[in-house]
There are 2 protein chains.
Amino acid sequence: MSCHQHVIDQLRGAGVRLTPQRALVLDVVYHSHGHLTADQVYERVRTQSPQVDLSTVYRNLVFLRQQGLIGELRLEGEPTRFEAVRSGAEHHHAVCSACGAMIEIAPADLAPLSEALVRNYGFAVSLVHLTLNGHCAACQPAGASDKGQSSPHGVEALAGSDAEAG
Amino acid sequence: MSCHQHVIDQLRGAGVRLTPQRALVLDVVYHSHGHLTADQVYERVRTQSPQVDLSTVYRNLVFLRQQGLIGELRLEGEPTRFEAVRSGAEHHHAVCSACGAMIEIAPADLAPLSEALVRNYGFAVSLVHLTLNGHCAACQPAGASDKGQSSPHGVEALAGSDAEAG
DNA sequence: ACTCCAGTTGCAAATCTTTGCAACTGGCTG
DNA sequence: CAGCCAGTTGCAAAGATTTGCAACTGGAGT
């Protein structure tokens, strides 16, 4: 009841309650060394409180993410995974679309972006856990002078229709 | 059959087929002025081809996103929305967690990040359509010297458990 | 320790997305 | 123009995530 005062304090500040279920979800995520899916969190929570419902786990996962206590990782073709956000160990991810390699990005690399958003739009971005897609060093096409997406245009006539959004 | 050669060419390059369904999905997204949910795309596609299945729409939406032809927008509490990626009009989004305001971010603001990733990790990020969360100018807390997330730590004992990941 | 109110929970059902599979078809080849 | 093969589709069902609601409960106030 002392070393995690930070968390309790943060939760109190949001006008929320620290229920056993919520504490358990947070605890499970913080004790896992990798990224857990909602279902995995659910399974682990149930080993300690079998009556906890999956929807409660989901609700708390969403809640804790909004509080910045956990980050989420969305990978193509698999369910969303959650990871603890620890002070001093914050990081983001870059996932290679070709080989699936995952690179951890230091928060410092995002600082310029954060500053640009404040400067240009007055927007204080909350970079809790970002996942970027692209190609890792090993998978980049040879003559990638046009690395990026080729720019599509003139797609309007593709299907020969003219159903306007309205 | 000429002005959209770019798209056809891009699709051919990926070793894929340009089916009527696929063209229709792309067409619908490109003709919409806002962001459409998968279901809205489905409805519009069906006005022209009633037999097209929702799963086909989803599959094409995922496919076109991977091709960089459309971008997706994930907002809290509502289904994913899709938007056309047009050359010369690329942009990303910053969504305010407090008021829901949505700001369009110029690609230029992300250039430094893109460069840092290549320089530091050899990673060529594909910034097709990014959505960032945070607080807009109007919703930022007054004395936000600690704007960002407070750093949680020592959460381990929160639930009094010691279920180690493994 | 008791009361009260708002935040939470469990349950069931709805929604949103993805997937398996056999039939179908675009588009190259002959 | 017929044949072929791999990419696609429609259908049905599974899987993932969210929501409505009445009952429950933290924790501040008394």
Side-chain angles (χ1 to χ4, degrees), chain A residues 1 4-5 7-26 28 35-43 45-46 48-67 69-70 72-82 158-160, chain B residues 1 5 7-26 28 35-43 45-46 48-67 70 72-82 158-160:
Chain A
M1 291 300 252
H4 53 280
Q5 198 57 46
V7 179
I8 291 180
D9 202 52
Q10 175 168 355
L11 295 183
R12 286 286 157 62
V16 299
R17 222 181 278 170
L18 182 59
T19 62
Q21 294 93 329
R22 179 164 291 169
L24 208 41
V25 169
L26 185 57
V28 165
H35 307 85
L36 300 177
T37 61
D39 203 59
Q40 291 175 315
V41 172
Y42 176 53
E43 288 304 329
V45 164
R46 280 168 70 89
Q48 297 190 51
S49 293
Q51 82 293 352
V52 176
D53 193 75
L54 177 60
S55 67
T56 296
V57 170
Y58 267 106
R59 276 188 282 228
N60 277 311
L61 248 16
V62 168
F63 171 80
L64 294 171
R65 169 162 54 75
Q66 293 178 324
Q67 293 300 310
L69 293 171
I70 64 176
E72 68 174 12
L73 185 58
R74 286 178 176 282
L75 299 177
E76 293 279 304
E78 54 181 297
T80 304
R81 286 171 178 278
F82 297 86
L158 238 194
Chain B
M1 290 299 250
Q5 198 58 46
V7 179
I8 291 181
D9 203 51
Q10 175 168 355
L11 295 182
R12 285 288 155 63
V16 299
R17 220 181 279 167
L18 182 61
T19 61
Q21 293 92 330
R22 180 163 291 168
L24 208 41
V25 169
L26 185 57
V28 165
H35 305 86
L36 299 178
T37 62
D39 203 58
Q40 291 176 316
V41 173
Y42 176 53
E43 289 303 330
V45 164
R46 280 167 70 89
Q48 297 191 50
S49 294
Q51 81 293 351
V52 175
D53 192 74
L54 177 59
S55 67
T56 296
V57 170
Y58 268 107
R59 276 188 283 230
N60 278 310
L61 247 17
V62 168
F63 171 79
L64 294 171
R65 170 162 53 75
Q66 294 177 324
Q67 294 299 310
I70 63 176
E72 68 175 11
L73 184 58
R74 286 179 176 282
L75 300 177
E76 293 279 303
E78 55 180 296
T80 305
R81 286 170 177 278
F82 299 85
L158 238 193

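Heavy-atom basis, side chains included; hydrogens, waters and symmetry copies ignored. Residue numbers start from 1 in every chain, and the chains themselves are labelled A, B, ... in the order their sequence lines are given, proteins ahead of strands.
Defined by atom type and a distance below 3.5 Å, a donor-acceptor pair is missing between the side-chain atoms of B:Asp39 and B:Thr37.
Atoms CD (A:Gln66) and P (D:dT18) sit 10 Å apart, rounded to a whole Å. Summarising the geometry, the separation between CD on A:Gln51 and P on C:dG10 is reported as 6 Å, rounded to the nearest angstrom. The CZ-P distance, from B:Arg65 to C:dT18, rounds to 7 Å in whole Å. The CZ atom of A:Arg22 sits 12 Å away from the P atom of C:dG10 (whole-angstrom rounding). Between A:Glu78 atom CD and C:dT17 atom C1' the separation is 15 Å, expressed in whole Å. Taking atom CD of A:Gln40 as the reference point, atom P of D:dG15 lies 15 Å away to the nearest angstrom. Summarising the geometry, the separation between CG on A:Leu54 and P on C:dC11 is reported as 12 Å, rounded to the nearest angstrom. For the pair B:Arg81 CZ and C:dT15 P, the computed distance is 16 Å after rounding to whole Å.
When side chains are defined from C-beta on, B:Arg59 counts as touching B:Thr56, because their heavy atoms get closer than 4.5 Å.
The phosphate of C:dT25 has neither OP1 nor OP2 within less than 4.0 Å of any side-chain N or O from B:Gln21. Checking the phosphate oxygens (OP1, OP2) of C:dT17, a side-chain nitrogen or oxygen of B:Tyr58 falls inside 4.0 Å.
Position along DNA chain D of the nearest nucleotide to A:Thr19 versus B:Val52 favours B:Val52 as the more 5'-ward residue. DNA chain C is contacted by both B:Asp39 and A:Gly77; B:Asp39 maps to the nucleotide lying nearer its 5′ end (nearest heavy atom per residue). Place A:Asn60 and B:Asp53 on DNA chain C by their nearest nucleotides, and A:Asn60 ends up nearer the 5' end.
Using a 4.0 Å heavy-atom cutoff across all strands shown, B:Thr80 reaches sugar-phosphate atoms only and no base atom.
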Walk me through whether A:Val62 and B:Glu76 qualify under side-chain contact (heavy atoms from CB on, under 4.5 Å). CA-CA 9 Å; A:Val62 168; B:Glu76 293 279 303; 4.3 Å; yes
Test B:His35 against B:Leu75 for side-chain contact (heavy atoms from CB on, under 4.5 Å), laying out the working first. CA-CA 11 Å; B:His35 305 86; B:Leu75 300 177; over 6 Å; no
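Distances were taken from every side-chain heavy atom of A:Arg17 (C-beta onward) to each of D:dG27, D:dT17, C:dG27; the shortest belongs to D:dG27. For B:Ser55, the side-chain atoms get nearest to C:dT19 when compared with the rest of C:dT19, D:dT9, C:dG27. Distance from the side chain of A:Val62 is smallest for D:dT18 among the nucleotides D:dT17, D:dT8, D:dT18.
B:Ala38 and B:Val57 make their closest contact through O-CG1, 3.9 Å (heavy atoms, listed as atom of the first residue, atom of the second, distance).
At a cut-off of 3.5 angstrom, the base of C:dG20 holds at least one donor-acceptor pair with the side chain of B:Arg59. Counting atom types as modelled, B:Thr37 pairs no side-chain N or O with a base atom of C:dC16 as donor and acceptor under 3.5 Å.
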